[in-house]
Amino acid sequence: MTQDEMKKAAGWAALEYVEEGSIVGVGTGSTVNHFIDALGTMSDKIKGAVSSSIASTEKLEQLGIKVFDCNEVASLSVYVDGADEINPAKDMIKGGGAALTREKIVAAIAEKFICIVDGTKAVDVLGQFPLPVEVIPMARSYVARELVRLGGDPVYREGVVTDNGNVILDVHGLAIDSPKQFEDQVNALAGVVTVGLFAHRGADVVITGTPNGAKIEE
Ligand code: 5RP
């Protein structure tokens, strides 16, 4: 089974968490694209979606799913999104697709975070995948110097501008033993919009695509 087939298995399995008549929180990425395809099969049974990126919004709308502004929706029963890494405590690194800030906002209003991944994303210690940090452009060099002081090796993601008009620093060389503490430390730097560590708001359910189908951990 290919990695994409495992992503597809996870994405389609997430459909069982979608309640009829609800507004669904939708993340970003290649695994989520499979979930959006699945959601399209029940587009007439849901009220709509809140999306975490322009790319996901376009795909949802192509399938006839109404996309609500996040400000119009007070709460969501579920938010379905992928991850770049996930540890046994269900803390995640996200933002490989540069959508981390909007992902964190939509996740914050959801009762349940359903994380959909293939088996390659599971790790014991977060940090092998470079940690994305969304930064206000004028703060890029300052934040990079501070990230070096925190033990990382930040690399500017050239040519990428986020949906919010900011830039991304990818921090290499980390082994994050205390994800909540590190999330707080990076978020406290002036000019940081969001760090792609999802520890304070980790996943509630993990659906992993495997060669034998989807494995669900609650
Ligand atoms: C985007 C994300 C994605 O969820 C993450 O990068 C995983 O992507 P994929 O499903 O394509 O492997 O955080 O910002």
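Atoms considered below: every heavy atom in the structure, side chains included; atoms not considered: hydrogens, waters and symmetry mates.
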Exceeds 12 heavy-atom contacts within 6.0 angstrom, atom CD of Q128: no
Atom pair NZ (K121) and CD1 (I86), whose distance is rounded to the nearest 0.5 Å: 10.0 Å
Pairwise side-chain contact, V50 with E72, heavy-atom cut-off 4.5 Å (strictly under): no
same_hphob_cluster(V106, V73) at 4.5 Å side-chain heavy-atom cutoff: yes
Whether R140 side chain and Y156 backbone form a donor-acceptor pair below 3.5 Å: no
Candidates V32, L63, I65 - the one meeting side-chain contact (heavy atoms from CB on, under 4.5 Å) with L39: I65
M1 vs D118 side-chain heavy atoms within contact, under 4.5 Å: no
ring-ring contact (aromatic ring centres under 6.0 Å, His included) partners for F113, two or more places apart: Y79
Ion pair E183/K104, N-O distance below 4.0 Å: yes
Cluster link V205 to L15, ILVMFWY, side chain under 4.5 Å: yes
Flag, side chain of S56 to backbone of G27, donor-acceptor distance under 3.5 Å: yes
Check: R201 side chain, A110 main-chain N or O, donor-acceptor pair, under 3.5 Å: yes
Option passing side-chain contact (heavy atoms from CB on, under 4.5 Å) with L131 (candidates L126, L147, L174): L174
Sub-4.5 Å side-chain heavy-atom contact between E111 and D204: no
Heavy-atom neighbours of E5 CD exceed 12 at 6.0 Å: yes
Lys/Arg-Asp/Glu bridge criterion (N-O < 4.0 Å) met for D170, R157: yes
pair T120-M6: side-chain heavy atoms closer than 4.5 Å: no
Any side-chain heavy-atom pair of C70 and I109 under 4.5 Å: yes
Passing candidate, side-chain contact (heavy atoms from CB on, under 4.5 Å) with I93, options V171, L100, D84, N87: D84
NZ/K90: more than 12 non-hydrogen atoms of other groups inside 6.0 Å: yes
Any side-chain heavy-atom pair of N166 and V135 under 4.5 Å: no
Check ion pair K94-D91 (N to O, under 4.0 angstrom): no
Same apolar cluster (I L V M F W Y, side chains within < 4.5 Å links), V186/M92: no
D124, CG atom: more than 12 neighbouring heavy atoms under 6.0 Å: no
Gap separating the CD atom of E16 from the CD1 atom of I216, nearest 0.5 angstrom: 4.0 Å
Side-chain heavy atoms of F182 within contact of L150, under 4.5 Å: yes
D69 side chain to N71 side chain, donor-acceptor N/O pair below 3.5 angstrom: yes
Pairwise side-chain contact, F35 with V24, heavy-atom cut-off 4.5 Å (strictly under): yes
